[in-house]
Number of protein chains: 2
Amino acid sequence: MDGQLVVFAKAIADDTRQIILKHLCCNWLSVSDVVDLLGGKVKQPTVSHHLKILEDAGLATVRQEGRQRFYTLNQERMTYCCGQLISTYAPDYAQQVINPDAIPIK
Amino acid sequence: MDGQLVVFAKAIADDTRQIILKHLCCNWLSVSDVVDLLGGKVKQPTVSHHLKILEDAGLATVRQEGRQRFYTLNQERMTYCCGQLISTYAPDYAQQVINPDAIPIK
DNA sequence: ACATTATATTGATGATTATCGATATGTCAA
DNA sequence: TTGACATATCGATAATCATCAATATAATGT
C-alpha cells in the first residue's frame, strides 16, 4: 500500500536511523563499526535491522568484503527522494530549487 | 529526543497523511472537506489527529473562519526540511541542488 | 438561553515497530 | 573439519501509533 515516498519517509523517521545515516555519510562502515559508533545505544541485531530498512529504501548501499558487510549512504537516492517530495508537495518552489542538471561534486 | 528532521520525517511517514498533504497542496480546506475528499477512508477525529501532526511539524498552516478551520500545506517548510535533509545526508549534491536564493513562483 | 454545526479531545483497541537474547548462516584460517 | 568471527534471522516483548466511538469545546444563529 505504501508508496515510494512513504517508504522513504518511514526509513528516515527514526532517531537511531538518522544517527546511523550521519555515520554512513561519505563513509563505508561495517555493521560492528556502526554498533561501536552508537556507543551501546543499540545492540548488533538492532543495527542490522535498521540497516536492512535503509537498504530496502535504497538509502544504503552494501559491499561485502570477507565476512564483513560495508554500508554507505546513497546520496543520489536521498537527493532523488527529496526532489520528489518538493516536486509533489512544494511545486511552487520546485523549479527554483531543483536543478535537473545537478551533478555531484565528487 | 527527536530532532527537527525526525519530526518532519514522522509527519510524512504515513500513507493517509501524504494523501492529505496532496489535497492541502495549493488549497485551503476545512476538516470536513478533507474527510469528504478521503471518501470514507478515515473518520473526522482521525483527520483532526493527522492535521495536528502536520501542524506540529510546521507542514500545515491553519486559518480559522467562523466555526471552521481551514488548513493548507506550508510549501516553504516542506522545501526547507528537504533542503536540510540534502545538506545533511547528501552534501555532495547540496551545492548544485539547493539554490539559496530560491523564491516561489506564486 | 438553546439548538446546531464544526472541530478537538479523550479513552480504548488493534496494528506496527524498535529492541533484545538466542541462534542460524556465512566466511575465513588453521 | 573445526573453531572463530561477522552478520542475519527468529521469537518474544514493550513502546509507539492509527483508528474509532463518545464526548467536550467552540462558534453561530434563533
Side-chain angles (χ1 to χ4, degrees), chain A residues 1-24 27-57 59-73, chain B residues 1-24 27-57 59-73:
Chain A
M1 185 82 215
D2 287 347
Q4 170 188 226
L5 288 182
V6 174
V7 171
F8 165 72
K10 286 185 174 175
I12 63 173
D14 180 86
D15 187 55
T16 301
R17 279 198 292 277
Q18 289 212 11
I19 295 171
I20 292 174
L21 284 175
K22 285 198 189 84
H23 287 123
L24 293 183
N27 293 307
W28 286 91
L29 298 175
S30 69
V31 176
S32 47
D33 286 340
V34 175
V35 172
D36 292 346
L37 285 167
L38 290 174
K41 188 176 191 295
V42 288
K43 301 295 182 184
Q44 174 265 317
T46 304
V47 170
S48 283
H49 173 244
H50 286 311
L51 289 170
K52 177 162 174 34
I53 288 172
L54 295 175
E55 189 186 355
D56 288 347
L59 291 172
T61 305
V62 198
R63 170 167 57 84
Q64 179 121 15
E65 201 156 309
R67 5 185 174 185
Q68 307 189 77
R69 287 165 68 83
F70 291 91
Y71 291 81
T72 195
L73 194 159
Chain B
M1 185 79 212
D2 285 348
Q4 170 189 226
L5 288 182
V6 174
V7 171
F8 165 71
K10 285 185 175 173
I12 63 173
D14 181 84
D15 188 55
T16 301
R17 280 198 291 277
Q18 289 213 10
I19 295 171
I20 292 174
L21 283 175
K22 287 199 187 82
H23 289 306
L24 293 182
N27 293 306
W28 287 91
L29 298 176
S30 70
V31 176
S32 47
D33 286 340
V34 176
V35 172
D36 292 345
L37 285 166
L38 290 175
K41 188 175 191 295
V42 287
K43 302 295 182 183
Q44 175 266 317
T46 303
V47 170
S48 283
H49 174 244
H50 285 311
L51 289 171
K52 177 163 175 32
I53 290 173
L54 295 175
E55 189 187 355
D56 288 347
L59 290 172
T61 304
V62 198
R63 170 168 58 84
Q64 181 121 13
E65 203 155 307
R67 5 186 175 188
Q68 307 189 78
R69 286 164 68 84
F70 291 91
Y71 291 81
T72 195
L73 194 158

With nearest nucleotide decided by heavy atoms, which residue, Gly66(A) or Leu51(B), maps closer to the 5′ end of DNA chain C? Leu51(B)
Between Lys10(B) and dC17(D), does any side-chain N or O lie under 4.0 Å from OP1 or OP2? yes
Taking for each residue the nucleotide of DNA chain C bearing the nearest heavy atom, is the 5' side occupied by Asp2(A) or by Pro45(A)? Asp2(A)
Determine yes or no for a side-chain-to-main-chain donor-acceptor pair under 3.5 angstrom, with Ser30(B) supplying the side chain and Phe70(B) the backbone. no
Could you tell me whether the phosphate oxygens of dA18(C), OP1 or OP2, come under 4.0 Å of any side-chain nitrogen or oxygen in Thr46(A)? no
Could you check whether His50(A) gets within reach of a base, just the sugar-phosphate, or nothing at all, counting any heavy atom under 4.0 Å? sugar-phosphate
If the cut-off is 4.0 Å, is Arg67(B) near the phosphate of dT4(C), judged by side-chain N/O to OP1 or OP2? no
Val42(B) has its side chain closest, among dC20(D), dA8(C), dT7(D), to dC20(D)
Does a side-chain heavy-atom distance below 4.5 Å link Tyr71(A) with Asp33(A)? no
Report which part of the nucleic acid Phe70(A) touches: base, sugar-phosphate, or nothing (heavy-atom distance under 4.0 Å, all strands). nothing
Would you say a side-chain N or O of Thr16(A) is under 4.0 Å from OP1 or OP2 of dT19(C)? yes
Side-chain donor-acceptor pairs under 3.5 Å in residues 34-43 of chain A, sequence neighbours left out?
| residue | atom | partner | partner atom | Å |
| --- | --- | --- | --- | --- |
| Lys41(A) | NZ | Thr16(A) | OG1 | 2.8 |

Under 4.0 Å between a side-chain N or O of Arg17(B) and OP1 or OP2 of dA18(D)? yes
May I ask you to evaluate whether Tyr71(A) reaches the phosphate of dA6(D), defined as a side-chain N or O under 4.0 Å from OP1 or OP2? no
Taken in chain and number order and not counting sequence neighbours, the residues that satisfy side-chain contact (heavy atoms from CB on, under 4.5 Å) with Ile53(B) are Ala11(B), Arg17(B), His49(B)
Check DNA chain D for consecutive Watson-Crick or G-U pairs with both distances under 3.5 Å and list the runs of at least three as stems. C:1-30 with D:1-30
Taking only side-chain N and O atoms of Ser48(A), does any of them lie within less than 4.0 angstrom of OP1 or OP2 on dA8(D)? yes
